Amino acid sequence: MRRDHYKIFSEGTIGGLTMPNRLVRSATWDPSILSTRRMSEQVLDLYKQVALGGVGMIITGDFSVVPQGFLDTPKPFSYDEVKIDGFARLAEVVHQSAPRCKIMAQISADYPGIAPSSIPSPYTTEQPRALSTQEVKAIVGCLAETIAHLKDEGFNGVQLHAAHGGLLSAFLSPYSNHRTDAYGGSIKNRARLIQEIVSDARAQAGDFPILIKMNCTDYVPGGIDINTFPELAEEIESAGVDAIEISGGMWDCLVRPETELGFRPVPAPESHTRIKSPAKQSYFLAYAAKLALGIPIILVGGNRDVERLEEIARRGTVDFVALCRPLISEPNLPNRWLEGQGSSSADCISCNSCIYDMITHLERQEPWVATCLLKHDKQQIKAAQQWLASWVKNNRV
C-alpha cells in the first residue's frame, strides 16, 4: 500500500525552501569532491540516481574552502583556488532530474596542522598549532565568500560541516577548544565563529539558506554531551542558521572501548554498526528530544525503517530525517517506501564495509563512487570487517 498519507512524505520547509518530502540524503564522503576536486560523469550519475530515487533534499560531500598555503603565506582569498571543477553541473543535474529536489553544498574549513587550541589527538604525538585571532577571521572570510559563490553556481543552500571533530566542530566543543579569547570559554564564545560566518555570508548572499551539521555528543570526556547540547543548539540557532542536522562523535572517541561508548569503536563514530534492532536505530533521537528550537531539526544516524521514521515524524521531535549508508545501498529507497514495495526496512545492514572501500581507494589514489560491497564485491566483505576491527590499533602512533 502506498504511503502518500505519511508525514515523512509531506512537504517540509527550510529557510524559505519547500522540499517535496522530509527525507534527506545526508552528506556522504565523496573523494571526487574532497581529493580530486572534480566532478566525474560517474559521480554526476550517482547524484542523478539519488535525486531520481525520491529524496526531498541532497547534501553533497564536504570540501574545505581554506586554500592550501593560505595560512602559511597570508594573501587575499580566491574562490578559484578551492572551487570544485564542474560543481555547477552537479546542481544542474539534480534540478533537471528531479526539479523539486533541493541540493545543498556542504563546506568545511579543515587545514593541516591547525586547531582552536594546541591539544594533541590520542592517535598521534603531533601537536596542532592554535590559530591566531587574525587567522580565525581569515577563515571566516573564506567560508562566507564561498557561500556567495555557491549561490551563484545554482545550489539551493549550503551546510556548514561542524561535526565529527573537524575545525568548526573543534571550535564548538569544550573538549578541543581551550581558548581564552573571544572564540573560547563560554558557549556563546565557542559559537562565535559560526555567528560570524553566517553574518558575513548574509551580507554577501542575502537570505541564501545556511544549514549546519553539528555534534549533539562528542563521545569524549569533557566534550559536548546530552546535558550541554541544548544550550549550544540554542546559541547556534541565534547565530542565524536555517536548520540544524544532529550528528555525533569525534574520531578521538574511537580509542575508548565499546563498554564505555555503547557502540563498536570502528570508523566512523557517527555511523554505528550492529543496529539491526529498531531499538538501536535513530540513535541521536534522545538528543533531539531535548531541544525546543524555532528552526527545523534534521535527524541523521541509523534511520533504517520507514514505519519507525513515520512514528518519529508524527511525534514532532524532528522535522526531517536523513540517511547516508542506506542510499549507498538503495538510491531508490524513498520511492520504494512511498510505493509500499518490499520491506519497511532498508536493505543496508550498517556493516561499514563501504567506508573501507572508500578509504582503500583513497589510499591508492583511485577514483571511488559510493558502492555497497554486499551487492557488488562480496569477497571483500571479510577483508573490510578485519580492517574495521583493527583500525584503531593500526592508526595509533
Side-chain angles (χ1 to χ4, degrees), residues 24 26-29 34 59 61-62 106 108 110 115-116 119-124 159-177 190 212-230 232-233 236 244-275 280-291 297-304 318 321-326 328 348 350-356 358-359 387-389 391-393 395-396:
V24 176
S26 190
T28 302
W29 197 19
L34 185 69
I59 302 172
D62 90 288
Q106 189 187 73
S108 61
D110 295 334
I119 302 170
S121 163
Y123 288 120
T124 177
Q159 185 184 69
L160 300 173
H161 187 10
H164 312 154
L167 186 67
L168 300 184
S169 172
F171 266 90
L172 294 180
S173 176
Y175 166 78
S176 46
N177 185 345
R190 284 187 274 117
I212 191 169
K213 186 172 191 172
M214 61 182 290
N215 280 0
C216 59
T217 173
D218 294 329
Y219 290 126
V220 293
I224 299 166
D225 60 26
I226 197 167
N227 297 313
T228 60
F229 172 57
L232 177 60
I236 293 299
I244 293 176
E245 182 179 10
I246 298 174
S247 190
M250 289 184 167
W251 283 58
D252 282 7
C253 78
L254 295 180
V255 301
R256 302 177 67 196
E258 184 172 358
T259 52
E260 291 182 8
L261 288 172
F263 59 90
R264 186 185 180 204
V266 300
E270 68 273 16
S271 304
H272 297 188
T273 60
R274 300 171 179 167
I275 58 171
K280 294 184 177 181
Q281 297 171 14
S282 304
Y283 36 79
F284 296 126
L285 180 60
Y287 299 84
K290 296 284 186 178
L291 301 180
I297 300 300
I298 305 169
L299 178 70
V300 73
N303 296 321
R304 294 292 181 273
V318 301
V321 291
L323 308 99
C324 175
R325 290 170 293 174
I328 293 177
C348 172
S350 307
C351 67
N352 285 8
S353 294
C354 52
I355 296 176
Y356 161 82
M358 173 184 63
I359 291 180
W387 177 86
L388 288 165
W391 190 88
V392 173
K393 178 182 177 181
N395 282 274
R396 291 189 77 173

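A quick note: this is a predicted structure, and the numbers were derived from the prediction, not measured.
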Asks: Please give me the minimum heavy-atom distance between A170 and G165, naming the atom from each residue.
Replies: CB-O, 4.3 Å

Asks: My understanding is that only residues two or more places apart in sequence, or in another chain, count here; which of them pass side chain to side chain donor-acceptor pair (under 3.5 Å) with Q106?
Replies: Q159

Asks: In chain order, what residues pass the side chain to side chain donor-acceptor pair (under 3.5 Å) check against T273, with sequence neighbours excluded?
Replies: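 Counting only residues at least two positions away or on another chain, T273 forms no side chain to side chain donor-acceptor pair (under 3.5 Å).
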
Asks: Taking the side chain as every heavy atom from C-beta outward, state whether V321 and V24 have any pair of such atoms under 4.5 Å apart.
Replies: no

Asks: Identify the two heavy atoms, one from L172 and one from I236, that lie closest to each other, and give their separation to 0.1 Å.
Replies: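 For L172 versus I236, the nearest heavy atoms are CD2-CD1, 3.9 Å.
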
Asks: With a 4.5 Å heavy-atom cut-off, do I246 and L291 have their side chains touching?
Replies: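 A side-chain contact under 4.5 Å exists here.
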
Asks: With a cut-off of 3.5 Å and sequence neighbours excluded, list every side-chain donor-acceptor pair involving residues 212-222.
Replies:
residue: K213; atom: NZ; partner: S26; partner atom: OG; Å: 3.2
residue: N215; atom: OD1; partner: H164; partner atom: N; Å: 3.1
residue: N215; atom: ND2; partner: D218; partner atom: OD1; Å: 2.9
residue: N215; atom: ND2; partner: G249; partner atom: O; Å: 3.4
residue: T217; atom: OG1; partner: Y219; partner atom: N; Å: 3.1
residue: D218; atom: OD2; partner: S173; partner atom: OG; Å: 2.6
residue: D218; atom: OD2; partner: I224; partner atom: N; Å: 2.8

Asks: Starting from the C-alpha separation in whole Å, work towards a yes-or-no answer on side chain to side chain contact (heavy atoms under 4.5 Å, CB included) for S271 and R325.
Replies: CA-CA 8 Å; S271 304; R325 290 170 293 174; 3.6 Å; yes

Asks: Within the 4.5 Å heavy-atom criterion, are C324 and W29 side-chain neighbours or not?
Replies: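 When only atoms from C-beta onward are counted, W29 and C324 do not touch, as no gap falls below 4.5 Å.
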
Asks: Sequence neighbours excluded, which residues qualify as side chain to side chain donor-acceptor pair (under 3.5 Å) partners of Y175?
Replies: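 Y175: side chain to side chain donor-acceptor pair (under 3.5 Å) contacts with D252.
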
Asks: Compare all side-chain heavy atoms of F263 with those of H272 and state whether any distance is below 4.5 angstrom.
Replies: yes

Asks: Once side-chain contact (heavy atoms from CB on, under 4.5 Å) is applied, do any residues pair with P269, and if so which ones, sequence neighbours excluded?
Replies: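 Result, side-chain contact (heavy atoms from CB on, under 4.5 Å) vs P269: W251, C253, L254.
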
Asks: With sequence neighbours excluded, what pairs up with R274 under the salt bridge (Lys or Arg N to Asp or Glu O under 4.0 Å) test?
Replies: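 Salt bridge (Lys or Arg N to Asp or Glu O under 4.0 Å) list for R274, sorted by chain: E258.
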
